[in-house]
Amino acid sequence: MLIQLLKNSFSLILAGIVDKIAFIVFIAVLARRLTTAEFGSLNLMFAMIAIGGLLSNFGIDYVVIREIAKDKSKARSIFTSAAVATLLFSIVAWPLTVFIASQMNYPEIVVTFLSYGGCALLITGIGQTASAVLKAFERMEVFAFINLIRSLVILVLGLLSLTLCDNLMIIMIVLLIIEMSTAAIIGLLVHRRFAAFSFPVDWRLIFSVVKMAFPFALLMSLGFFIHKIDLLLMGWLASIDDVAQYGAASKFTEFLSVFSAGLVGAIYPAISSRINSRNDAGWTLFNDSVSIFAILGFGAAFSLTVLAEPVILFIFGKVYLPATMAVVILAWSFLFTVLSGPAGTLILAAGKRLYLLVFASVILVGINIVLNMILIKRYTYNGAALAVILTSFMGFIIRMILVNSHFGRFPLIFVNTWRPFLAGFVMMIALYLMRDCNLFFLIFTGFILYMVILSLLGEFKEERYMPLRLKILQLIGKGTKQN
């Protein structure tokens, strides 16, 4: 099972890395070409489009993955019903995003862009549902390949449009056209190869899908507001220049989220199709997942503690150096978010404690809003980052309690995380001592050192890595025989 999970994770992560690298390169060029006010408006546009995507999807993709993973013979009917439901929600989401932006008194260019560009939600929503079908069939490599091509097209056409004109509106329209084209291609592929869209639609099944999606929609909405309300409130409570600083800082954790999203995307269908409620296989898979997630979380947090300033300087320039502390704080909040990933995935797959998680998330959103209202006014973008880390930590504690109620035993957090913690700490000290060296040398050296220390501490000798070790030995053996 680990080999399949790693294969699926690798496909999603590779596509995500290429996507985020292309995006960061494009954003870095934009940040240096635009004023801080324009860059702040750009971040608000992205945030509002994300809200539109959330509203149009309504958690339906999770239902699609779970139900098709359980019984692939239902793929056709579920995809048809889910696509129709997504289209209906998209029709509502478009004007709603415009209304929200206007009520928050966002810059006029943001409201104008949403008024016209929001129509893209009608197509991208269905594309997201079609992508869920690919994930349910565990064909992550197909999804990854399409998104890899999309990322390269965005980079090339985005830079070309930036070269030909400095009009922010035109640049955003070009990006939306690419997104709509990608969604249409994925939808057509799923229709032809996996789950053909069929008429007439079953309105009872559509209602059933929406009903099943409701708790997912609540969780997604609450999770979005926990992680995005800071930027939205920054646009309301602080200057547009402060929004630009925080937008630059948040790009690093957005990039890191590619890795955690890839892992979650691979684990969710595996748990949904193979794991029962309380068995030992589920407990083992959960703890193994925490260990793997911890390697990512501690590595990112410790490295960015030292490298935040040179990374900002390299990507965004001196104008955005004030955001250094916010980057460090957000890196440690990312750690708690990552460690919470397997717990959230387990609860979503099991389904029995969804409403407890929803209730806890409602409380967290309320706390997050209050913290942001207080801290943004006092510390601007650093205050927003502090609100994120406090909320992420509380969310982590709540999820561990829910896991305990699910399995009847508390997660082995120390057992699963002590090696990544110790390896990350040693790596951080080494990076600090070498801080005057070239940035790329530091990143490469830090990664190698981190992996070596993990290996010396015996991390990769654990039973969970046995299938991977055997696979590597098989590949080495084949290579030796061929030679």
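Atom set for the values below is all heavy atoms of this structure, side chains included, hydrogens, waters and symmetry mates excluded. It should be emphasised that the depicted structure is a prediction, and the values quoted were computed from it without experimental measurement.
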- Item | side chain to side chain contact (heavy atoms under 4.5 Å, CB included) between Leu335 and Phe298, intermediate numbers included | CA-CA 6 Å; Leu335 168 65; Phe298 280 109; 3.7 Å; yes
- Could you give me the CA-CA distance, side-chain angles and deciding distance for Phe440 and Phe314, then say whether ring pair (Phe, Tyr, Trp, His ring centres under 6.0 Å) is met? CA-CA 10 Å; Phe440 292 100; Phe314 175 78; 5.2 Å; yes
- Message: As a quick check of understanding, evaluate side chain to side chain contact (heavy atoms under 4.5 Å, CB included) for Gln128 and Thr86, giving each step before the final call.
- Response: CA-CA 9 Å; Gln128 190 172 352; Thr86 301; over 6 Å; no
- Evaluation steps, side chain to side chain contact (heavy atoms under 4.5 Å, CB included), between Val92 and Leu55: CA-CA 8 Å; Val92 177; Leu55 295 172; over 6 Å; no
- Decide side chain to side chain contact (heavy atoms under 4.5 Å, CB included) for Ile60 and Val209; before the verdict, give the C-alpha distance in whole Å, the side-chain angles of both, and the deciding distance to 0.1 Å. CA-CA 7 Å; Ile60 290 172; Val209 168; 4.1 Å; yes
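Among Ile312, Leu442, Val327, the one residue that satisfies the side-chain contact (heavy atoms from CB on, under 4.5 Å) test with Leu307 is Leu442.
Of all heavy-atom pairs spanning Ala294 and Pro420, the tightest one is O-CB, 3.7 Å. For the residue pair Ser392 and Phe336, the shortest heavy atom distance occurs at O-CB, 3.7 Å. Val64 approaches Ala82 most closely through the heavy-atom pair CG2-CB, 3.5 Å. Residues Ala130 and Ile186 come closest through the heavy atom pair CB-CG2, 3.7 Å. For the pair Ser90 and Gly125, the tightest heavy-atom approach, listed with the atom from each and the gap, is OG-CA, 4.3 Å. In plain terms, the two heavy atoms of Gly247 and Asn43 that are nearest each other are CA-OD1, 3.4 Å.
Separation of atoms CG (Leu114) and OG (Ser102) is listed at 9.5 Å; rounding is to 0.5 Å. Interatomic distance, CG of Leu330 versus CG of Leu386, reported as 9.0 Å (0.5 Å rounding). Atom CG of Leu454 is separated from atom CE of Met451 by 5.0 Å, given to the nearest 0.5 angstrom. Once rounded to the nearest 0.5 Å, the distance linking CD1 of Ile453 with CG of Leu449 reads 4.0 Å. Note that OH of Tyr246 and CE of Met234 are 8.0 Å apart. Values are rounded to the nearest 0.5 Å. In this structure, the separation between CG on Leu412 and OG on Ser291 is 9.0 Å, given to the nearest 0.5 Å.
Asn382 places a side-chain N or O within donor-acceptor distance of the main-chain N or O of Ala326, the cut-off being under 3.5 Å. Between the side chain of Asn372 and the backbone N or O of Asn368 there is at least one donor-acceptor pair closer than 3.5 Å. The closest donor-acceptor contact from the side chain of Tyr450 to the backbone of Gly299 lies under 3.5 Å.
Side-chain contact between Arg419 and Ile295 is absent, with no heavy-atom pair separated by less than 4.5 Å. Residues Phe39 and Val319 are not in side-chain contact: their nearest non-hydrogen atoms beyond the backbone lie 4.5 Å or more apart. With a 4.5 Å cut-off on side-chain heavy atoms, Leu304 and Val328 do not count as touching. Residues Phe113 and Met48 have side chains not in contact (no heavy-atom distance under 4.5 Å, counting atoms from C-beta outward). Annotation: side chain of Val306 is not in contact with side chain of Met427 (no heavy-atom distance under 4.5 Å). Annotation: side chain of Pro107 is in contact with side chain of Leu44 (closest heavy-atom distance under 4.5 Å). At a threshold of 4.5 Å between non-hydrogen side-chain atoms, the residues Trp418 and Leu457 count as touching. For the pair Thr36/Tyr320, a side-chain contact is recorded, criterion being any heavy-atom separation below 4.5 Å from C-beta on.
Phe46 CZ: more than 12 foreign heavy atoms inside a 6.0 Å radius. Shown here is Phe410, whose CZ atom has more than 12 heavy atoms of other residues, nucleotides or ligands within 6.0 Å. Heavy-atom contacts from other residues, nucleotides or ligands closer than 6.0 Å to CE of Met180 number more than 12.
Annotation: Trp332 is in aromatic contact with Phe302 [ring centroid separation under 6.0 Å].
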